Amino acid sequence: MSLHIFNTESRQKEMFTPINPNQVGMYVCGITVYDLCHIGHARVMVVFDTVVRHLRTLGYSVNYVRNITDIDDKIIKRALENGESIQALTGRMIAEMHADEMAMNVLRPDEEPKATEYMDEIKLMIETLVQKGFAYPAKNGDVYFKVKSFEQYGRLSGKNIDDLEAGARVEVNNIKQDPMDFVLWKASKENEPSWNSEWGAGRPGWHIECSAMATKCLGNHFDIHGGGMDLSFPHHENEIAQSECATGEHYVNTWMHCGFVRIDDEKMSKSLNNFFTIKEVLKVFHPEVIRYFLLASHYRSPVNYSQENLESARASVGRLYSALELVAPAKATQNTAFEASFMAVMNDDFNTPKAMAVLFDLAKEINKSKDAGLAGLLVKLGNQIGLLEQDATTFFKSQPSQSELTDEAIEQLIVERKEARANKDFARSDEIRDLLSEQGIELLDSSEGTTWRKG
RNA sequence: GGCGGAAUAGCAAAGUGGCUAUGCAGUGGAUUGCAAAUCCAUCUACCUCGGUUCGACUCCGGGUUCCGCCUCCA
């Protein structure tokens, strides 16, 4: 049983074999930090977090690198609008991003290189490309990559250079030798942050940042490179061109791209202004509910964000936790068919929806058998994909809710209801149940007494 | 125009050349003072038209519709 991953470049599932046995180098394109992260960003974070967790479960030592783009046109523009410095803006947004990740139970990457801290590597790579004849400085101080000098350009996206030119959506620019050429170094305008270089003051283009950082952190040739679908062209195509021309080595073995989060069947994005930030959604839904929602579809498929879908996800996660509330987990039972299926489906290109189905089958078995070892196994397998990390009671009490009631006030009402029930005053008892129900608080009676939960 | 991806029950979402996916919701029953949770049973499927096949939702071909990329984008 071995891991198979769908490689965007070959458009098929391939058996995964790391370059160095037992070690995996993985680079994922991170965020441009000019605003808060939205649910689309959350998907990339959660998907690749799940990939890393599974690779580690398989015993690989993973070096997970995810960059931060902390210099770019949008950042400059936003800082100016806000009347704050670029560092203040990016520093704030990076802190917010880390807070979002922590809330979502996303493990921090092993390295988070920032573009502004890799200027030497970036300039060196551009220099090499110019020296080797793959790039040229233009008269205005920009430096461009000569797309036609790389014969294999288009091999990742399956695009043909001639078709691209016919598309006529490329920037009109008489400074470039060819309309397809893309910028490696941008001459700075007045009042823009800049770094000195042999081509004059400027800053790097977006594509070269990733090539330089990935190469510096993981070497010229590494195992996995990931990102959102929209990055496969032109960003990743350009990375291949830059890196392979500069180093002369094959850049990446496996390309992974995750699908979009949609709103009303349209891509969620900042430019369309139809996005929900992670923070907004966390106000309404528990982080594990959001994580479940994102993993309940295959990572390459689109997911549609909606209130209904999140509510359904909440009920589903609740079913898993109900089993754990019913049976306190003990040490996980070893060598079960459940675990074998779970591993098998995860090894099949990270089929998390099928992995969930295994979890539900397991939950059903726990409900029937009351087997504490199986409950432990449910927790163990859930944890492998970043779910079921909480105690069941804590989970049910920590659902975001509109309730104004304090825990003490709720307990108070439960005591009052207990007395009413003892006196067979069921009218008052039901009144209290309804009152709490309106606040989103559910009461659960059992032989051991009454407990409550939110949601 | 070029390249790529989708169409599965009320909703969400996997998958398979013949064998119950799974979850939410619904229905009937057990259980409960009433509920919740749970268990048992149960109703809803594979866009369309052809072809291959003993047999296709699954393979092949033609349609239709939707989405993404080709410009910054996760």
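Order of the sequence lines fixes the chain letters, A, B, ..., with proteins taken first and strands second; residue numbering starts at 1 for each chain. Everything numeric here is computed off the predicted structure, so don't read it as measured data.
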Taking 4.0 Å as the cut-off, does a side-chain nitrogen or oxygen of [X] come that near to OP1 or OP2 on [N]?
X        : N     : answer
A:Lys270 : B:A74 : no
A:Asn309 : B:A12 : no
A:Arg319 : B:U38 : yes
A:Ser301 : B:A14 : yes
A:Lys267 : B:A74 : no
A:Lys159 : B:G1  : no

At under 4.0 Å between heavy atoms, what does A:Phe426 touch on the DNA or RNA strands: base, sugar-phosphate, or nothing?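 If one applies the 4.0 Å heavy-atom cut-off, A:Phe426 turns out to touch a base.
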Just checking A:Met268: base, sugar-phosphate only, or nothing, at a heavy-atom cut-off of under 4.0 Å? base
Between the base of [N] and the side chain of [X], is there a donor and acceptor pair under 3.5 angstrom?
X        : N     : value
A:Arg433 : B:C34 : yes
A:Asp162 : B:G2  : no
A:Lys368 : B:C39 : no
A:Arg43  : B:A74 : no
A:Arg300 : B:G5  : no
A:Ser429 : B:G33 : yes
A:Arg428 : B:G33 : no

Can the ring centroids of [X] and [Y] be said to lie less than 6.0 angstrom from one another?
X        : Y        : value
A:His4   : A:Phe16  : no
A:His207 : A:His236 : no
A:Tyr251 : A:Phe222 : yes

RNA chain B base-pair string [pairs: Watson-Crick or G-U under 3.5 Å; |: paired with another strand]: (((((((..(((.....[...))).(((((.......)))))....(((((..]....))))))))))))....
Using atom P of each nucleotide, how far apart are B:G55 and B:G18 to the nearest Å?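 These two P atoms come out 14 Å apart once rounded.
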Between B:A25 and B:A7, how far apart are the C1' atoms? Round to whole Å, please.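 So the two C1' atoms sit 23 Å from each other.
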Using residues 352-362 of chain A as the side-chain source, report each donor-acceptor pair under 3.5 Å to any protein atom, sequence neighbours left out, with the distance given to one decimal.
unit_1: A:Thr352; atom_1: OG1; unit_2: A:Leu295; atom_2: O; d: 2.7

For the student: nearest non-hydrogen atoms of A:Pro193 and A:Ile86, plus distance: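 Result for this residue pair: CG-CD1, 3.4 Å.
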For A:Glu288 and A:Gly386, work out which heavy atoms get closest and say how close. OE2-O, 4.5 Å
Is there a donor-acceptor pair closer than 3.5 Å between any side-chain N or O of A:Gln439 and the backbone N or O of A:Leu435? no
